[in-house]
**Q** 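Take a look at the following structure, please.
Scope of the values below: all heavy atoms of this structure, side chains included, with no hydrogens, waters or symmetry mates. Bear in mind the structure is a predicted one, so any value in this text is a computation, not a measurement.
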Protein chains: 2
Amino acid sequence: MSNNQFKRGELYSVINGVASTAVARRLQKNFRNAGLEITIEQWSILYHLWKEDGLSQQELCTRTFRDKASITRLIDNIEKLGLVERIASKDDRRVNLVYLTDAAKPLQEATYNIANQTMNEALQGISKEEIEIVKSVFQRVYENSK
Amino acid sequence: MSNNQFKRGELYSVINGVASTAVARRLQKNFRNAGLEITIEQWSILYHLWKEDGLSQQELCTRTFRDKASITRLIDNIEKLGLVERIASKDDRRVNLVYLTDAAKPLQEATYNIANQTMNEALQGISKEEIEIVKSVFQRVYENSK
DNA sequence: GACATATAGTTAGTTATGCAACTATTATAA
DNA sequence: TTATAATAGTTGCATAACTAACTATATGTC
């Protein structure tokens with residue numbers, strides 16, 4: 001089984017280890033205000049594909065710490081929006097590779113800007129040292145709990 | 001590289017400020033192994049009622065950082081299990097007060113033990129000072145984001 | 001080559017979350 | 001006093017999560 005210990009662990013990499021549902025909700029609202037009708041969960045998938053397109057669903061499980069069933073349905077929904085498509089791998093016919101469509105590419109800059117701004121606001125007044133401690137504690141809690 | 005986040009504000013107050021879905025899942029599993037078929041979310045409601053019985057749904061919203069619709073349905077499910085009951089307030093007829101039933105009381109000690117043990121394992125090697133910093137950062141991120 | 005096992009992905013069932021629209025009750029203001 | 005606003009809770013709709021059972025393909029061992 002994959003290490004899918006975190007429901008939306010994705011946010012971690014985005015907000016420097018300081019994760020909170022408050023931030024997630026704020027980010028979602030900012031997306032919506034900008035006319036971007038995607039969920040944060042969907043965005044987290046796109047985020048990884050912008051970094052590296054054509055990942056397998058299994059690889060997305062690993063990178064986003066999600067269950068494979070969750071990935072299946074997230075991809076289903078993003079596919080319905082026309083932002084990604086599944087293409088069967090030629091090397092291994094069990095594998096689906098997930099590719100961004102042309103419709104997804106313009107979203108990247110807009111969402112990056114909104115995400116960065118949201119995170120900066122959330123992290124105001126918090127020092128780099130504190131963030132490092134939070135990350136370190138998270139890491140050890142994770143190690144202790146698996 | 002780990003990835004951590006607390007799923008609900010609730011967990012934050014329960015596990016000494018160090019929240020992670022890994023701990024939540026471990027806790028859930030430990031509950032199940034002990035024959036306690038409740039979810040962590042349900043348990044988080046019971047936890048607050050064991051500390052102070054007869055809270056209103058609104059008060060549970062505040063204390064567990066949840067939406068009132070979420071509380072409505074969580075209470076629905078816990079009520080179906082026979083662990084709590086809603087009693088209309090005499091002072092304000094809009095208000096439901098949530099009371100533990102006799103069936104819920106014996107669960108307290110068992111779940112406390114399991115929770116404490118799970119938390120102690122998760123927090124091994126982490127100092128009180130570090131935990132305080134994590135709590136403080138969470139609080140400030142929350143304040144910055146609401 | 002054949003059989004067992006591991007891996008990638010899908011589907012079903014249950015729980016939980018958030019938003020928005022709604023009802024009922026209480027508080028406030030004209 | 002009456003009209004309006006605020007508050008407590010419920011319900012409908014959509015998304016997401018986890019477990020477990022399932023299909024299909026690959027791999028490894030005899």
Side-chain angles (χ1 to χ4, degrees), chain A residues 1-11 20-29 31-33 37-45 55-62 64-81 86-98, chain B residues 5-11 20-22 24-29 31-33 37-45 55-62 64-81 86-98 146:
Chain A
M1 210 55 173
S2 70
N3 45 351
N4 50 354
Q5 272 76 6
F6 308 97
K7 263 192 185 171
R8 296 184 297 186
E10 173 49 29
L11 283 174
S20 100
T21 309
V23 179
R25 288 176 63 177
R26 181 71 164 275
L27 182 54
Q28 175 109 44
K29 191 172 293 180
F31 280 166
R32 191 175 305 150
N33 290 342
E37 289 295 336
I38 54 175
T39 66
I40 327 159
E41 291 82 3
Q42 293 168 358
W43 174 72
S44 77
I45 299 293
L55 296 172
S56 69
Q57 295 190 197
Q58 181 54 51
E59 187 58 32
L60 286 169
C61 289
T62 305
T64 68
F65 297 91
R66 282 188 180 87
D67 188 76
K68 57 185 177 173
S70 300
I71 292 293
T72 292
R73 280 187 248 240
L74 262 179
I75 302 295
D76 284 349
N77 287 336
I78 306 172
E79 203 168 31
K80 275 183 215 154
L81 295 173
R86 290 172 163 99
I87 296 181
S89 167
K90 288 170 186 172
D91 300 333
D92 185 336
R93 288 161 65 191
R94 293 171 302 183
V95 173
N96 283 342
L97 302 177
V98 183
Chain B
Q5 158 172 29
F6 61 100
K7 189 173 49 168
R8 318 255 179 279
E10 173 50 27
L11 285 173
S20 104
T21 310
R25 288 180 63 181
R26 181 73 164 275
L27 182 53
Q28 176 111 44
K29 191 172 293 179
F31 280 166
R32 192 176 304 151
N33 289 342
E37 289 295 336
I38 54 175
T39 67
I40 325 156
E41 291 83 3
Q42 293 168 358
W43 173 73
S44 78
I45 299 293
L55 295 173
S56 69
Q57 293 190 197
Q58 182 53 50
E59 187 58 34
L60 286 168
C61 289
T62 305
T64 68
F65 299 92
R66 281 189 180 87
D67 187 76
K68 58 186 176 173
S70 300
I71 292 295
T72 292
R73 281 182 253 240
L74 261 179
I75 302 295
D76 285 349
N77 287 338
I78 306 172
E79 204 168 30
K80 274 183 214 151
L81 295 174
R86 289 171 163 99
I87 296 181
S89 167
K90 288 171 186 171
D91 300 333
D92 185 336
R93 287 160 63 192
R94 294 171 301 184
V95 174
N96 282 342
L97 301 177
V98 183
K146 67 180 180 184

**Q** State, to 0.1 Å, how close A:Ile71 and A:Cys61 come at their nearest heavy-atom pair, and which atoms those are.
**A**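 For A:Ile71 and A:Cys61, the tightest heavy-atom pair comes out as CG1-SG, 3.5 Å.
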
**Q** Between A:Arg66 and D:dA17, is there a side-chain N or O to OP1/OP2 distance below 4.0 Å?
**A**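 Answer is yes, contact under 4.0 Å.
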
**Q** Run the side chain to side chain contact (heavy atoms under 4.5 Å, CB included) test against A:Ser56 and tell me which residues pass, sequence neighbours left out.
**A** A:Gln58, A:Glu59, A:Val95, A:Leu97

**Q** Rounded to the nearest Å, what distance is computed from the CG atom of residue B:Asn77 to the P atom of nucleotide D:dT10?
**A** 13 Å

**Q** Mind checking what makes side chain to side chain donor-acceptor pair (under 3.5 Å) contact with B:Arg86, not counting sequence neighbours?
**A** B:Gln57, B:Asp76, B:Glu79

**Q** Whole angstrom is fine here: how far is it from CD1 in A:Ile75 over to C1' in D:dT15?
**A** 14 Å

**Q** With sequence neighbours excluded, what pairs up with A:Gln42 under the side chain to side chain contact (heavy atoms under 4.5 Å, CB included) test?
**A** A:Ile38, A:Thr39, A:Leu74, A:Asn77, A:Ile78, A:Leu81

**Q** Can you tell me how far P of C:dC19 sits from CZ of A:Phe31, to the nearest Å?
**A** 15 Å

**Q** Would you tell me if any nitrogen or oxygen in the side chain of A:Gln42 comes within less than 4.0 Å of OP1 or OP2 on D:dA16?
**A** yes

**Q** Of the nucleotides D:dT25, C:dT17, C:dT25, which has the atom closest to the B:Ser70 side chain?
**A** C:dT17

**Q** Does the protein touch nucleotides 9-14 of chain C at the base, only the backbone, or not at all? Give it as B, S and - per nucleotide, heavy atoms under 4.0 Å.
**A** BBBBB-

**Q** Let me know the distance between CD1 of B:Ile40 and P of D:dT19, rounded to the nearest Å.
**A**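 Checked: the CD1 to P distance equals 10 Å.
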
**Q** Roughly how many Å is it from CD in B:Glu37 to P in D:dC18, rounded to a whole number?
**A**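 From B:Glu37 CD to D:dC18 P: 18 Å.
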
**Q** Between atom CG of B:Leu55 and atom CG of B:Asn96, what is the distance when rounded to the nearest 0.5 Å?
**A**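 The distance works out to 12.5 Å.
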
**Q** Rounded off to whole Å, could you give me the CH2-to-C1' distance for the B:Trp43 and C:dA16 pair?
**A** 17 Å

**Q** Within this structure, what is the CD-to-C1' distance between A:Glu79 and D:dT15, rounded to whole angstrom?
**A** 17 Å

**Q** Send over the distance from A:Arg32 CZ to D:dT15 P, rounded to a whole Å.
**A**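 After rounding, the gap between these two atoms is 12 Å.
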
**Q** Under 4.0 Å: is that the gap between some side-chain N or O of A:Thr39 and OP1 or OP2 of D:dA14?
**A**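 No, no such contact exists.
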
**Q** I'd like to know if the side chain of B:Ser70 reaches the main chain of B:Arg66, judged simply by a donor and an acceptor atom lying under 3.5 Å from each other, with no hydrogens or angles considered.
**A**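 No, the answer is negative, given that no donor and acceptor are paired below the 3.5 Å cut-off.
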
**Q** Could you list the residues that satisfy side chain to side chain contact (heavy atoms under 4.5 Å, CB included) with B:Asp91, not counting sequence neighbours?
**A**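 Applying side chain to side chain contact (heavy atoms under 4.5 Å, CB included) to B:Asp91 gives B:Ser89.
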
